[in-house]
Student: 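My structure is below; once you've seen it, I'll send some questions.
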Amino acid sequence: MAMPLRQTIRVGTYLFEQKLRRREKFPLIVELEPLYACNLKCEGCGKIQHPAGVLKQRMPVAQAVGAVLESGAPMVSIAGGEPLMHPQIHEIARQLVEKKKYVFLCTNALLLRKKIENFTPSPYFAFAVHIDGLRERHDESVAKEGVFDEAVEAIKEAKRRGFRVTTNSTFFNTDTPQTVVEVLNYLNDDLKVDEMMISPAYAYEKAPDQEHFLGVEQTRELFRKAFSGGNRGRWRLNHSPLFLDFLEGKADFPCTAWAIPNYSLFGWQRPCYLMADGYVPTYRQLIEETDWEKYGRGKDPRCANCMAHCGYEPTAVLATMGSLKESLRAARASASAK
C-alpha cells in the first residue's frame with residue numbers, strides 16, 4: 001500500500017476515533033458523483049445509460065460539499081460520468097481540500113490538460129486517471145482511438161506541474177496475467193505514477209457489454225499469476241496487503257459496502273455505487289434504514305462475482321487496523337513500494 005504518511009496517519013486516527021465512539025458503521029471514503037454525463041461510451045460502464053434529462057444535470061457545489069461533510073468521511077472519490085465536464089468541479093474540489101478532505105478526482109483525462117489550470121497542487125488532492133491497458137487495449141475498452149495517448153500526455157503534464165497522480169485500472173475476462181503485468185509495469189516504471197488502484201470489473205446491469213465480466217475463480221487466478229515473481233511487492237499499489245490477498249484467493253472477507261457510500265444526483269444510493277436499490281436524502285437514513293445484512297456474495301445473486309474494492313477493501317483495511325501483525329505488514333509493504 002503506497003498511501004502517503006500524512007494520509008495514513010489521518011485515516012488511522014479517524015479509525016481509532018470511530019472505535020472509541022463504538023460506531024459500528026462509518027464511511028472511509030465517499031464516492032461522489034456530481035454528474036452522470038461522459039465524453040466516452042465505455043462498454044463496461046452502466047452510468048451513461050440514464051435518460052438525456054438526467055445526463056444534463058450537474059450537482060450544485062454546496063450540495064456536493066455538504067453531502068461529504070454530512071458523512072464525516074476523511075476521503076472523497078469524485079467520479080461520474082466524467083467529472084471534468086462539470087463546470088464547477090474545480091470549486092467542489094477546492095472546497096473539499098479546504099476542509100482537509102483527501103480528494104481523488106477520477107477522470108479519463110481527455111479534458112485534463114485543458115482544465116488543469118483550474119486546479120492547484122495539494123497533499124490533499126490527486127488526479128485519478130483511468131487506464132485499462134496499454135494503447136490498443138485501453139482504446140478498445142473505451143471505444144475510441146487516441147484516448148490512451150492523451151491520458152499519458154495528461155499524466156505527464158500533471159506530474160510536471162506538481163500534482164499527485166494515481167491510476168485506476170479495471171480488468172475483464174479478456175485480460176491475461178501478461179496484460180495486467182504490462183500495464184502495471186508501464187504505470188509504475190515508465191510513467192512513475194504515485195499510486196495504482198486495480199479492480200476486477202463489476203457486472204453493471206445496464207452495461208452494454210455483459211459477456212466479459214470476471215467470475216470469482218477467474219479473478220483469483222488472474223491476480224495470483226500477475227502478482228507472481230515479486231511484482232506485487234514492487235508495484236506502488238494503493239491497496240492493503242490483505243485486499244491483495246483477497247484478490248489472489250488467500251483470504252476471504254464479507255462485504256462492507258457501508259464503508260464506501262455513494263452520493264449522486266439522486267441522493268445516497270443503497271447499498272453501494274455498483275447497485276441501486278433506491279435512494280435516500282440523508283446519510284443517516286442510508287446507514288440506519290438499509291438492510292446491510294442481505295448484501296454480499298452468498299446473499300444477493302447480483303453480488304455473486306463481485307470482488308470490487310468498494311465492498312472488500314474496507315473490510316481488509318479494518319482487519320489490518322485491528323491486527324498489530326497486519327498493521328506492521330502494511331507499513332513494510334508501503335515502505336518497500338516507494
Student: Using modelled atom types only, decide if a donor and an acceptor are shared between the side chain of Q269 and the backbone of M275 within a distance under 3.5 Å.
Tutor: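 Yes; at least one donor-acceptor contact below 3.5 Å.
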Student: Would a hydrophobic clustering, with Ile, Leu, Val, Met, Phe, Trp and Tyr connected at side-chain separations under 4.5 Å, put M197 with L237?
Tutor: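 They do not share one cluster, since no chain of ILVMFWY contacts under 4.5 Å joins M197 to L237.
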Student: So how far is it from D132 CG to T167 OG1, rounded to the nearest 0.5 Å?
Tutor: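 Between D132 CG and T167 OG1, I get 10.0 Å after rounding to 0.5 Å.
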Student: Using a strict cut-off of less than 4.0 Å between a Lys/Arg side-chain nitrogen and an Asp/Glu carboxylate oxygen, indicate whether D149 and R135 qualify as a salt bridge.
Tutor: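 Salt bridge flag = yes for R135 with D149.
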Student: Shortest non-hydrogen contact from L35 to Q57?
Tutor: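 Here L35 and Q57 meet closest at CB-O, 3.8 Å.
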Student: Closest heavy-atom contact between F104 and I29?
Tutor: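 Taking every non-hydrogen atom into account, CD1-CD1, 4.5 Å.
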Student: Which heavy atom of G215 sits nearest to which heavy atom of N305, and what is that distance?
Tutor: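 Here G215 and N305 meet closest at CA-OD1, 3.4 Å.
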Student: Testing the basics here: between I92 and V65, what is the closest heavy-atom pair and its distance to 0.1 Å?
Tutor: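 Nearest pair, atom of I92 first, then V65: O-CG2, 4.1 Å.
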Student: Is the distance between the ring centroids of F119 and F125 under 6.0 Å?
Tutor: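 Ring-ring flag for F125/F119: true, centres closer than 6.0 Å.
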Student: Could you point out which residue of H239, R232, K250 forms a side chain to side chain donor-acceptor pair (under 3.5 Å) with D245?
Tutor: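 Going through H239, R232, K250 one by one, the side chain to side chain donor-acceptor pair (under 3.5 Å) with D245 is satisfied by R232 alone.
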Student: Quick one: list whatever passes side chain to side chain contact (heavy atoms under 4.5 Å, CB included) with D189, sequence neighbours left out.
Tutor: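 Testing D189 for side chain to side chain contact (heavy atoms under 4.5 Å, CB included), a comparison that skips the adjacent residues, returns N185, R234.
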Student: Given salt bridge (charged side-chain N to carboxylate O under 4.0 Å, His left out), test R23 with E17 step by step and report yes or no.
Tutor: CA-CA 9 Å; R23 294 181 66 186; E17 290 173 349; over 6 Å; no
Student: A side-chain contact here means heavy atoms from C-beta on lying under 4.5 Å apart; do I131 and N168 qualify?
Tutor: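 Sidechains of N168 and I131: no contact.
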Student: Checking side-chain polar atoms at under 3.5 Å, does Y263 have a donor or acceptor matched by the opposite partner on Q63?
Tutor: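 On atom types as modelled, these side chains qualify, holding a pair under 3.5 Å.
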Student: Can you tell me how far the OG atom of S71 sits from the CG atom of L28, to the nearest 0.5 Å?
Tutor: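 Spacing of OG (S71) from CG (L28) equals 10.5 Å.
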Student: May I ask you to say whether R220 pairs ionically with E217, meaning some side-chain N is under 4.0 Å from a carboxylate O?
Tutor: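 Yes.
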Student: Residues in side chain to side chain contact (heavy atoms under 4.5 Å, CB included) with K56, at least two apart?
Tutor: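 Side chain to side chain contact (heavy atoms under 4.5 Å, CB included) check on K56 returns nothing, list empty.
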Student: Of all the heavy-atom pairs spanning A319 and F253, show the shortest one and how long it is.
Tutor: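 Scanning both residues completely, I find the closest heavy atoms to be CB-CE2, 4.4 Å.
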Student: Mind checking side chain to side chain contact (heavy atoms under 4.5 Å, CB included) for K299 and listing every partner two or more places apart, or none if nothing turns up?
Tutor: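 K299: side chain to side chain contact (heavy atoms under 4.5 Å, CB included) contacts with E293.
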Student: Is there a donor-acceptor pair closer than 3.5 Å between any side-chain N or O of T176 and the backbone N or O of T179?
Tutor: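 Yes.
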Student: Using a distance-only test with no angle check, is there a side-chain donor-acceptor pair under 3.5 angstrom linking Y312 and D252?
Tutor: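 Their side chains do not contain a donor-acceptor pair, so the 3.5 Å distance test is not met.
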Student: Sub-3.5 Å donor-acceptor pair from the side chain of S122 to the main-chain atoms of Y124, do we have one?
Tutor: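 Indeed, once roles are kept as given, a pair shorter than 3.5 Å links the two residues.
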Student: Mind listing the closest non-hydrogen atom pair of F243 and I198 along with its distance?
Tutor: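 Looking at all heavy atoms of both residues, the shortest contact is CE2-O, 4.3 Å.
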Student: Step by step, would you call R113 with E150 a salt bridge (charged side-chain N to carboxylate O under 4.0 Å, His left out)?
Tutor: CA-CA 9 Å; R113 288 198 287 175; E150 179 57 35; 2.8 Å; yes
Student: Does E288 come within less than 4.0 Å of K25, counting only side-chain N to carboxylate O?
Tutor: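 Result for this pair is no, no salt bridge flagged.
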Student: For E145, check side chain to side chain donor-acceptor pair (under 3.5 Å) against everything at least two apart and list the hits.
Tutor: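 With neighbours one apart ignored, the set is empty.
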Student: Under 4.0 Å between a side-chain nitrogen and a carboxylate oxygen: does that hold for E91 and R94?
Tutor: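 Here E91 pairs with R94 in a salt bridge, since their nearest N and O are under 4.0 Å apart.
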Student: Which residues satisfy the side chain to side chain contact (heavy atoms under 4.5 Å, CB included) test with T282, sequence neighbours excluded?
Tutor: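 E70, R284, Q285.
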Student: Could you verify whether a donor N or O on one side chain and an acceptor N or O on the other, from E82 and N108, lie under 3.5 Å apart?
Tutor: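 Result is yes, a qualifying pair exists.
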Student: Hey, is NZ on K159 packed in by over 12 heavy atoms from elsewhere, all under 6.0 Å?
Tutor: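 Yes, the 6.0 Å shell around NZ holds more than 12 heavy atoms from other groups.
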Student: Y36: which residues meet the ring pair (Phe, Tyr, Trp, His ring centres under 6.0 Å) condition with it, sequence neighbours left out?
Tutor: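 Expected list: H50, F266.
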Student: In plain terms, say whether E117 and R161 are close enough for a salt bridge, that is, a side-chain N and a carboxylate O under 4.0 Å apart.
Tutor: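 Result for this pair is yes, salt bridge flagged.
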Student: For T170 and S199, does a side-chain donor sit closer than 3.5 Å to a side-chain acceptor?
Tutor: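 The answer is no; no qualifying pair exists.
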